[in-house]
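For reference, the structure is listed below as structure tokens.
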Amino acid sequence: MIDSLLDWYADHARDLPWREPETTGWGVLVSEIMLQQTPVARVEPIWREWMDRWPVPSALAAETQGEVVRAWGKLGYPRRALRLHAAAAAIAEHHGDVVPSDIDTLLGLPGIGAYTARAVAAFAYGQRCPVVDTNVRRVVARAVHGAGDAGPPSTTRDLNDTEALLPQDPATAATASAALMELGALICTARTPRCVDCPVFADCAWQHAGRPAYAGPAKPVQKFAGTDRQVRGLLLDVLRGTSEPARKSTLDLVWSDAGQRDRCLHSLLTDGLVEQTADGRFALPGEH
DNA sequence: CAAACGTGGGT
DNA sequence: TACCCAAGTTT
């Protein structure tokens with residue numbers, strides 16, 4: 001199964017810039033953080049800007065938090081920008097401005113969890129370690145277990161299942177990890193899998209089982225309209241758009257419910273995404 | 001472990 | 001038009 005997957009990947013992998021051989025560990029790390037819960041198409045232009053502007057961790061660390069949040073643009077989940085900024089500072093300070101290759105060391109950095117640590121180890125440093133994201137979990141659920149979709153995550157089982165698929169050679173294993181993710185992104189998709197084009201079709205347990213429907217618990221659907229997330233986004237969007245601090249009265253225009261609006265502004269202050277100036281206005285952090 | 005956390009494109 | 005969903009992490 002892995003051999004046909006590798007053949008397919010060699011022919012069909014997207015030409016994503018962070019996959020170029022010359023990409024540094026820093027480039028890979030930035031891409032992985034940006035790609036968390038965020039589509040490739042939206043990440044690519046921002047990633048290019050960041051690499052031009054901040055080619056090494058210390059360059060990013062030298063910026064204010066506010067400038068980093070502004071440059072994050074509308075990628076979403078802007079706390080990622082703050083954490084990446086903090087990770088860059090730690091890498092510059094404690095790791096010689098080079099992204100660590102050790103998984104446990106990576107896990108100690110802000111914003112880097114089980115997925116991202118292994119993705120960096122594999123894709124930047126060619127290590128043989130299971131890289132489990134939502135794509136891989138879905139591919140494994142179908143191709144290996146014959147289920148219609150992945151059930152709730154189970155860290156140990158997911159890691160073991162994925163590790164069992166990896167070739168022994170580290171560099172090939174890293175490519176296989178990328179290929180599993182690519183298959184999930186392009187062919188073995190969540191909604192309408194393109195099984196007619198699948199390189200693993202002949203070995204797929206889901207096909208052999210007659211493509212049974214997903215039997216597990218329903219996945220919770222995440223609301224957005226009217227939530228604090230939307231209001232926080234609206235508030236932050238105002239501050240990203242101005243170099244001058246904004247008055248409270250300006251921010252009040254983005255949402256009619258005063259209680260919710262104030263709660264959200266307060267949570268942004270708590271998160272460090274917004275700061276209040278000496279004269280009581282509001283701005284992105286570190287820019288006044 | 002569940003819930004919070006942005007945003008916008010595809011179906 | 002709604003709803004689904006996208007390379008997760010943190011609390």
Side-chain angles (χ1 to χ4, degrees), chain A residues 13-14 16-19 23 27-47 69 72-84 86-87 106-124 129-140 149-155 158 162 174 177-186 188-194 214 217-240 254-255 260 263-264 266-268 270-274:
Chain A
R14 291 167 291 180
L16 302 175
W18 44 86
R19 286 179 178 164
T23 306
V28 171
L29 174 59
V30 172
S31 78
E32 293 301 342
I33 300 288
M34 288 183 171
L35 286 163
Q36 289 168 3
Q37 300 287 284
T38 309
V40 165
R42 223 178 303 163
V43 166
E44 191 166 338
I46 307 294
W47 183 86
V69 169
W72 191 256
K74 307 197 79 169
L75 284 181
Y77 294 140
R79 292 186 297 186
R80 288 182 294 169
L82 245 32
R83 294 185 182 130
L84 184 49
L106 287 161
L107 286 170
L109 296 170
I112 298 184
Y115 162 76
T116 302
R118 288 177 176 78
V120 169
F123 304 147
C129 56
V131 181
V132 182
D133 76 331
T134 185
N135 288 306
V136 173
R137 285 181 9 83
R138 185 172 58 250
V139 168
V140 168
D149 202 350
S154 166
T155 307
D158 294 341
T162 306
S177 291
L180 285 168
M181 291 174 60
E182 194 77 340
L183 188 71
L186 300 182
C188 196
T189 54
R191 208 90 62 99
T192 311
R194 306 178 53 197
Y214 173 65
K219 306 184 174 182
V221 289
Q222 184 166 237
K223 295 293 182 194
F224 178 66
T227 63
D228 285 4
R229 279 205 325 293
Q230 181 184 20
V231 178
R232 284 165 55 104
L234 291 170
L235 253 15
L236 209 56
D237 199 37
V238 171
L239 299 180
R240 275 196 303 261
V254 307
W255 196 252
Q260 185 176 20
R263 177 175 71 236
C264 289
H266 182 78
S267 74
L268 287 168
T270 298
D271 288 349
L273 283 164
V274 173

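This is a predicted model, so every value here is computed, not measured. Here is how names work: the chains are called A, B, and so on, in the same order as the sequence lines, proteins then strands, and each is numbered from 1.
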May I ask you to say what A/Pro78 touches in the nucleic acid, namely base, sugar-phosphate or nothing, with a heavy-atom cut-off under 4.0 Å?
-> sugar-phosphate

With the side chain defined as heavy atoms from C-beta on, A/Arg79 is closest, among B/dC5, B/dT7, C/dA6, to B/dC5

Looking for any heavy atom pair under 4.0 Å, which part of the strands does A/Ala190 touch: base, sugar-phosphate only, or nothing?
-> sugar-phosphate

Sugar-phosphate only, base, or nothing, as touched by A/Arg118 at under 4.0 Å among non-hydrogen atoms = nothing

A/Arg229 side chain, from C-beta outward: closest of C/dT9, C/dA6, B/dG6 | B/dG6

Indicate, with a heavy-atom threshold strictly under 4.0 Å, whether A/Trp18 touches base, sugar-phosphate, or nothing.
-> base

Quick note, A/Arg191 side chain, CB onward, closest among C/dG8, B/dG10, B/dC5 is B/dG10

Under 4.0 angstrom, heavy atoms only, what part of the nucleic acid is A/Val221 near: base, sugar-phosphate, or nothing?
-> sugar-phosphate

NA contact type, A/Asp271, heavy-atom cut-off 4.0 Å: base, sugar-phosphate, or nothing?
-> nothing

Distance between the P atoms of C/dT10 and B/dG8, in whole angstroms?
-> 24 Å

Given DNA chain C, 5'-ward residue of the pair A/Ala117 and A/Pro39, judged by closest heavy atom | A/Pro39

When only distance counts, do a donor and an acceptor, one from the side chain of A/Gln37 and one from the base of B/dC5, lie under 3.5 Å apart?
-> no

Have a look at A/Leu16 and say if it touches a base, only the backbone sugar-phosphate, or nothing, with a 4.0 Å heavy-atom cut-off.
-> base

Note: for A/Thr227 and A/Pro153 on DNA chain B, the residue whose nearest nucleotide lies more 5' is A/Pro153

Which part of the nucleic acid, if any, lies within reach of A/Ala41 when heavy atoms closer than 4.0 Å are counted: base, sugar-phosphate only, or nothing?
-> nothing

Examine the base of C/dG8 for any acceptor or donor lying under 3.5 Å from a partner atom in the side chain of A/Thr134, and report the outcome as yes or no.
-> no

Measure distances between side-chain N and O atoms of A/Arg42 and base N and O atoms of B/dT7, and say whether any donor-acceptor pair falls under 3.5 Å.
-> yes

Please state the P separation for the pair B/dG6 and C/dC3 - nearest whole angstrom.
-> 22 Å

Do A/Tyr115 and A/Glu32 have a side chain donor and acceptor closer than 3.5 Å?
-> yes

